[in-house]
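Here the structure is a predicted model, which means the values were calculated and not measured.
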Amino acid sequence: MAFPAPRPEPPRLPQHLLRTLECQQGAVRAVRFNADGNYLLTCGSDKSLKLWSASRGALLKTYTGHGYEVLDVDGSYDNSQLCSCSSDKTVILWDVATGQVTRKLRGHAGRVNCVQFNEEATVMLSGSIDGTVRCWDTRSRRMEPIQVLDEARDGVSSLKVAEHELLTGSVDGRLRRYDLRMGQLHVDFISSPITCVCFSQDGQCTLSSSLDSAVRLLDKSTGEMLGEYTGHQNKDYKLDCCLSSKDTHVLCCSEDGHVYCWDLVEGSLALKLPVGKAVVQSLSFHPTEPCLLTAMEGRVQVWGTEPEDAEADSIAAE
């Protein structure tokens, strides 16, 4: 006689504060996990970039070279390089181990809001208030971009790369998806300035947050709206949204000091995480585990599903 399989446990959400990092780099403009989730990167309004151990919260290295506040950063798949962008209009490629600037790229006409490597870290893509996305070859010595995408009618606030696709969000209210292999551009109109975009982990959907205090999940191929998530506040600032590592929940920063977390399918609010009294500026979800980073003012907080001492006890018990 076969017993029915046990019901799978519902995914647990990171709601316990594990540690707080006082970053001492002015206001933290962005916080990001690296590719494997073992390290985290913080962008400071004091022009610095810092690399931390995610498990211990220890500062490992500080990178200085930007002339104004740092707004975004991305780590290469092999952890050997970083790329960052700044209000100083530049994009910098860094050597992680030495902390040296490998290349400093100029070309944007204004503040650079977002930057990301492609999967092989052979190309850096940067989006700017000047309305362009510039693609830079990380291996050549050329100082010009290999391609400039200038379809946006206002500043590019966010971009994400996945395989042969590039997703951009703009203040002009349009979500643009470039199929780089086919040379095609797909546009979805959101009607409100977009602050953040991302692909779902399965690559079938796009998620975007906008200044009408809404997060929208769209079917990538048809543009059909699959879900709309509201309740948080996002009217003035460029705030992050993301999906959990298993695509079960939608998360978004809020100007009321919380991170809102909705069930992706039901659209119901699953968690309203009280981070503090100021605007939650940035967030990053661990690539494989239920772990969350939040940035508020000058500090970063690491959140997990269980308190730290409980985690240590369970490891000791094993």
Side-chain angles (χ1 to χ4, degrees), residues 9-33 37 40-45 50 52 54-57 158 195-196 198 207-217 227-287 289-314:
E9 264 191 45
R12 293 188 304 165
L13 296 169
Q15 52 193 330
H16 292 282
L17 179 62
L18 303 183
R19 66 190 62 82
T20 299
L21 313 180
E22 295 295 343
C23 297
Q24 296 177 335
Q25 52 183 154
V28 178
R29 294 296 180 215
V31 61
R32 303 283 180 254
F33 271 115
L40 59 103
L41 297 147
T42 54
C43 304
S45 63
K50 292 188 176 184
W52 309 77
S55 58
R56 292 179 294 124
S158 177
T195 60
C196 184
C198 54
L207 190 73
S208 58
S209 58
S210 47
L211 290 181
D212 57 355
S213 298
V215 181
R216 293 175 179 89
L217 183 73
E228 187 172 21
Y229 309 92
T230 55
H232 63 299
Q233 284 176 30
N234 187 7
K235 296 193 180 306
D236 302 310
Y237 296 92
K238 174 183 157 7
L239 304 183
D240 290 339
C241 67
C242 72
L243 286 152
S244 62
S245 50
K246 302 266 194 305
D247 275 346
T248 56
H249 290 84
V250 171
L251 296 97
C252 190
C253 296
S254 177
E255 290 161 13
D256 65 5
H258 293 78
V259 168
Y260 285 68
C261 177
W262 298 269
D263 184 286
L264 179 132
V265 178
E266 293 175 11
S268 55
L269 187 64
L271 176 66
K272 185 178 169 184
L273 186 68
V275 179
K277 291 191 164 53
V279 174
V280 185
Q281 188 80 47
S282 178
L283 58 75
S284 183
F285 206 92
H286 192 284
E289 293 166 20
C291 182
L292 177 70
L293 304 174
T294 58
M296 177 183 283
E297 296 176 326
R299 64 185 180 277
V300 163
Q301 290 172 309
V302 185
W303 305 82
T305 53
E306 302 206 347
E308 188 84 304
D309 47 358
E311 281 187 7
D313 292 347
S314 64

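Contacts of Ser244 classified as side-chain hydrogen bond (donor to acceptor under 3.5 Å, both in side chains), with partners at least two apart in sequence or in another chain: Thr248. Residues passing the ring-ring contact (aromatic ring centres under 6.0 Å, His included) test with Phe285, sequence neighbours excluded: none. Arg299 pairs by the salt bridge (charged side-chain N to carboxylate O under 4.0 Å, His left out) definition with Glu297, not counting sequence neighbours. Legend: residues meeting salt bridge (charged side-chain N to carboxylate O under 4.0 Å, His left out) with Asp247, ordered by chain and number and at least two apart, are absent. Scored by the ring-ring contact (aromatic ring centres under 6.0 Å, His included) test, His249 finds no partners at all (sequence neighbours excluded).
Checking side-chain atoms of Ser254 against main-chain N and O of His232 turns up no donor-acceptor pair under 3.5 Å. No donor-acceptor pair under 3.5 Å is formed between the side chain of Thr20 and the backbone N or O of Gln301. Looking only at distances, no side-chain donor or acceptor of Tyr229 sits under 3.5 Å from a matching main-chain atom of Ser209. Here the side chain of Glu255 pairs a donor or acceptor atom with the backbone of Tyr237 at under 3.5 angstrom.
Between Val215 and Leu207 there is a side-chain heavy-atom pair separated by less than 4.5 Å. Using a 4.5 Å heavy-atom cutoff, the side chains of Cys261 and Leu251 are in contact. The closest side-chain heavy-atom distance from Val28 to Gln281 is not below 4.5 Å. Using a 4.5 Å cut-off on side-chain heavy atoms (C-beta onward), Val302 and Cys291 make contact. Side-chain atoms of Asn234 and Leu211, non-hydrogen and from C-beta on, do get closer than 4.5 Å to each other. Put simply, the side chain of Leu292 reaches to within 4.5 Å of the side chain of Leu273, judged on heavy atoms. The shortest side-chain heavy-atom distance between Val280 and His258 does not fall under the 4.5 Å cut-off.
Nearest heavy atoms, Trp52 versus Gly57: CE3-O, 3.6 Å.
Classification of the His286-Phe33 ring pair by plane angle, with boundaries at 30° and 60°, yields perpendicular.
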Are Thr42 and Leu21 close enough, and set up right, to give a side-chain contact (heavy atoms from CB on, under 4.5 Å), and what steps lead you there?
-> CA-CA 10 Å; Thr42 54; Leu21 313 180; 5.7 Å; no
Decide side-chain contact (heavy atoms from CB on, under 4.5 Å) for Val250 and Cys241; before the verdict, give the C-alpha distance in whole Å, the side-chain angles of both, and the deciding distance to 0.1 Å.
-> CA-CA 8 Å; Val250 171; Cys241 67; 5.7 Å; no
Decide side-chain contact (heavy atoms from CB on, under 4.5 Å) for Lys235 and Ser213; before the verdict, give the C-alpha distance in whole Å, the side-chain angles of both, and the deciding distance to 0.1 Å.
-> CA-CA 6 Å; Lys235 296 193 180 306; Ser213 298; 3.6 Å; yes
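Applying the salt bridge (Lys or Arg N to Asp or Glu O under 4.0 Å) test to residues at least two apart or on different chains, the pairs with a partner in residues 13-32 are Arg19-Glu308, Arg29-Glu69, Arg32-Asp72, Arg32-Asp240.
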